[in-house]
Structure formats: C-alpha cells, structure tokens
Amino acid sequence: IESGQRIFHILDFDTKLDSFYLQKSTKPLNRYHGHIENSRKALGEVKLAKSNANSTIDRRLDRIAKDLDSLNSKVIQVIALIQQKGFRNFGTIGGMRFHIHKLEKKSQGISLA
C-alpha cells in the first residue's frame, strides 16, 4: 500500500519537476526504490526464518516476491516512458515546443488573411 501511495505521488507531482527529467530522480522516487529494496530484504528474511516450515507459506512468499518484482519493473517502465514523453522543455514534448517556437518566430509578419 505504501509503495502504491509513493507511485501516485511520483506520477502526480514529480513528473512536473525539472529534476525528474534532468537527474532522472527525485527524493520520492529514491524513497520508493528504497522501500522496494527494504520489502525484498524483509521477504527474504521471512522466507529464511520460515523455510521448510510450511510449503504453502513458502509458495505465498515466492508469489509476493514475484509480484513485487513485477510491480517494480512496470513502474520503472512507466517512469521511463513519462521521461521520454517529457514535460515543458524536456523530452519529446520539449522538442516539439522548441520547434513550434522556432516556427512562430520565423513566421512573424506573415498574414493568412
């Protein structure tokens, strides 16, 4: 649940920060990655402590670890696509804005009327 809240914060707010595009990182994004790493470590510790005690628990812990890795992989892909798309002066949007402003400057004085 905490990871989900962090993801939504990143998508809602961090994608509007210059550092998200320039450094490819923000404090919430770093905290998210730290949280995922801590979750992996905790799962590993629980699995070691409970190994061979119950095969059902082991299978469920394996499933949680697999789902956590899958979620993290998808979040990384989404963040990469958002950074590629860009915002303001960054990414594809930034490139399009740059060329539009160039065209606007060159076309001053031209009347379509």
Atom [atom1] of [X] and atom [atom2] of [Y]: how far apart are they, to the nearest 0.5 Å?
X: Lys102; Y: Arg97; atom1: NZ; atom2: CZ; answer: 15.5 Å
X: Ser25; Y: Leu17; atom1: OG; atom2: CG; answer: 11.0 Å
X: Arg31; Y: Ile36; atom1: CZ; atom2: CD1; answer: 14.5 Å
X: Leu22; Y: Asn89; atom1: CG; atom2: CG; answer: 10.0 Å

So do the side chains of [X] and [Y] get within less than 4.5 Å of each other, counting heavy atoms only?
X: Leu11; Y: Ile82; value: yes
X: Asp69; Y: Arg40; value: yes
X: Lys85; Y: Leu81; value: no
X: Asp18; Y: Gln23; value: no

Checking the side chain of [X] only, and the main-chain atoms of [Y] only, is there a donor and an acceptor separated by less than 3.5 Å?
X: Gln83; Y: Phe20; answer: yes
X: Tyr21; Y: Thr15; answer: yes
X: Lys16; Y: Asp12; answer: yes
X: Ser39; Y: His35; answer: yes
X: Ser70; Y: Lys66; answer: no
X: Thr92; Y: Gln84; answer: yes

Decide whether [X] and [Y] are clustered together by the hydrophobic rule: side chain heavy atoms of Ile, Leu, Val, Met, Phe, Trp, Tyr closer than 4.5 Å, transitively.
X: Phe13; Y: Ile93; value: no
X: Ile64; Y: Leu71; value: yes
X: Ile79; Y: Ile76; value: no

Item to check | Heavy-atom neighbours of Lys74 NZ exceed 12 at 6.0 Å | outcome: no
Checklist entry - More than 12 non-hydrogen atoms from neighbouring residues, nucleotides or ligands closer than 6.0 Å to CZ on Arg60, yes or no? => result no
Checklist entry - Using 4.0 Å as the upper bound for N to carboxylate O, is an ion pair formed by Asp14 and Lys27? => result no
Item to check | Under-4.0 Å salt bridge between Asp67 and Arg63 | outcome: yes
Checklist entry - Which residues pass the ring pair (Phe, Tyr, Trp, His ring centres under 6.0 Å) test with Phe87, sequence neighbours left out? => result none
Item to check | Working for side chain to side chain contact (heavy atoms under 4.5 Å, CB included), residues Asn30 and Thr26 | outcome: CA-CA 6 Å; Asn30 291 336; Thr26 61; over 6 Å; no
Checklist entry - Between Ile57 and Lys47, does a side chain to side chain contact (heavy atoms under 4.5 Å, CB included) hold up when you go through it step by step? => result CA-CA 8 Å; Ile57 291 174; Lys47 190 171 181 179; over 6 Å; no
